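What follows is a single structure, written as structure tokens, with notes after it.
Both ligands and their constituent atoms are indexed starting at 1 by order of listing. Nothing here was measured: the structure is a model prediction, and the numbers come from that model.
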Amino acid sequence: YAAKNSNGGHAFYDGKIDQHNPTRLTLLGELRHAVEQEQFVLYYQPKVDLRNLQVMGVEALVRWNHPREDLLLPDTFVPLLEQTGMIRSLTPWVLNESLRQGQLLQDQGLPITISMNLSVRDLQDPYLADAFAEQLAALQISPRWLELEITESAVMTEPERALEVLARLSAMGLRIAIDDFGTGYSSLSYLKKLPVNTIKIDKSFVIGMERDENDAAIVRTSVDLAHNLKLEVVAEGVENEETLKRLSELGCDTAQGHYISRPLSAEELAVWLKQSSWAIERNPKLLRLHK
Ligand code: C2E
Ligand code: MG
Ligand code: MG
Ligand code: MG
């Protein structure tokens, strides 16, 4: 049974596959094969700069192009890849694909960053920074167009090791964002120590912020915290115009969510970048937002 959704993927397998469920073994075998065969595909979700309402970046989100199913969403297989360490084979593939997409954007003269997600295993990998340096050099892409999204929980699993890996990546010129901010084991002292450029407020606070005063307070406080630390702040999960407006009033720098665009295939992204109102100058939405 594949629950259809419109995120460019399907929630097929139950995300919580337990140890004794035979499905887990089947899935493991299939995943091993998928990694060998590179049965994955990246979707790209635009991010918009709230100062001019123009696209400033895209986030790469992996899907599994399962041979017998439709596209599967990461929540159904990324946790298993992490548990088994197979994520270490996926990450270099995601990096390579992201950089190729980044190269396409650069070739079109578009000043757009590309973000990819790292897992806890990646942050404990002492060779990760070398792999990044190698691929960036091979494709001749400036590291400042590449952003890495990491969660607080991934950092806090082994903070000293993660800090070392991140320090190297940051020294190479890559940008680093804290993903799902507010949901993990936060430590403000690590936020201060980490070479972070951006805080990404979790969608669970953003989705209900016009209705729920507590969510609104968390978003407002996160925006202020980011700015007081001289960091950029992104809100994910922007699903309507009202939320976009509130975020803009709060001084949030960047927004991402279904209201702007769902994650898109590479082909869809190319069309979106040409045709979307977020992609053109003198955006009519800007006038509406500030009226
Ligand atoms: P994330 O990095 O926090 O990504 C945001 C998730 O929210 C994405 O789900 C996206 O499709 C969804 N989303 C975006 N806008 C909205 C919105 O307006 N409303 C709602 N309700 N949802 C929205 P997705 O693509 O299923 O990815 C889930 C998670 O899987 C990601 O969370 C990330 O942690 C992980 N992931 C995705 N790609 C990769 C990857 O290449 N490597 C690793 N290690 N993890 C990945
Ligand atoms: Mg992310
Ligand atoms: Mg997130
Ligand atoms: Mg998340």
Any N, O or S atom of Glu236 closer than 2.8 Å to the Mg ion (ligand 2): no

Selected option - heavy-atom contact closest to atom 16 (C) of ligand 1, from Glu239, Lys200, His258: His258

For Asp75, atoms of ligand 1 separated by under 4.0 Å from a heavy atom: 28 (C), 29 (C), 30 (O)

Interatomic spacing from CD in Glu38 to CG in Leu90 - rounded to 0.5 Å: 9.5 Å

More than 12 heavy atoms from other groups under 6.0 Å of CD on Gln37: yes

Side chain, backbone, both or neither: the part of Asp180 lying under 4.0 Å from ligand 1 by heavy atom: side chain

The Mg ion (ligand 3) to nearest N/O/S of Asp179 less than 2.8 Å: yes

Side chain, backbone, both or neither: Asp122 near ligand 1, heavy atoms under 4.0 Å: neither

Residue Glu164 excluded, over 12 heavy atoms near CD under 6.0 Å: no

Element-labelled atoms of ligand 1 that are located less than 4.0 Å from some non-hydrogen atom of Val94: 41 (O)

Mode of Glu59 contact toward ligand 1 - side chain, backbone, both, neither (heavy atoms, under 4.0 Å): side chain

Numbered atoms of ligand 1 (with element) below 4.0 Å of Pro263, judged on heavy atoms: 11 (O)

Atom pair CD1 (Ile176) and OG (Ser115), whose distance is rounded to the nearest 0.5 Å: 12.0 Å

Residue selection (non-hydrogen contact nearest atom 45 (N) of ligand 1) among Leu90, Asn117, Thr243: Asn117

Salt bridge (charged side-chain N to carboxylate O under 4.0 Å, His left out) between Glu147 and Lys200, worked out: CA-CA 12 Å; Glu147 184 177 58; Lys200 207 168 171 189; over 6 Å; no

Metal site angle (apex the Mg ion (ligand 2)), OE2 from Glu59 and OE1 from Glu149, 10 degrees: 90°

Heavy-atom pair of closest approach, residues Ala216 and Arg246: CB-NH2, 3.8 Å

Element-labelled atoms of ligand 1 that are located less than 4.0 Å from some non-hydrogen atom of Ser119: 44 (N)

N, O or S atom of Ser115 closer to the Mg ion (ligand 2) than 2.8 Å: no

Heavy-atom nearest option to atom 26 (O) of ligand 1, drawn from Ala255, Ser204, Pro74, Ser98: Pro74

Nearest-0.5 Å distance that lies between atom CE in Met86 and atom CZ in Phe77: 11.0 Å

Test of proximity, Val62 against ligand 1: N or O pairs below 3.5 Å: yes

Ligand 1 atoms in contact with Asp179 (distance to a heavy atom under 4.0 Å): 1 (P), 2 (O), 3 (O)

Selected option - heavy-atom contact closest to atom 6 (C) of ligand 1, from Arg121, Met116, Glu97, Lys203: Lys203

N, O or S atom within Asp180 nearest to the Mg ion (ligand 3), by name: OD1

Close approach, Asp202 and ligand 1, non-hydrogen under 4.0 angstrom: no

Heavy atoms of other groups near Glu134 CD, more than 12 under 6.0 Å: no

Option whose closest heavy atom lies nearest to atom 15 (N) of ligand 1, chosen from Gln45, Glu149, Arg262: Gln45

Thr243 side chain to Asn240 side chain, donor-acceptor N/O pair below 3.5 angstrom: yes

Distance-only donor-acceptor check, side chains Asn197 and Glu232, under 3.5 Å: no

Atom indices of ligand 1 within 4.0 angstrom of Ile207 heavy atoms, with elements: 21 (N)

Asp122 and Ser119: CA distance, side-chain angles, deciding distance, side-chain hydrogen bond (donor to acceptor under 3.5 Å, both in side chains) verdict: CA-CA 5 Å; Asp122 296 318; Ser119 75; 3.3 Å; yes

Whether Tyr259 and Trp278 hold their rings parallel, tilted or perpendicular, with breakpoints at 30° and 60°: perpendicular

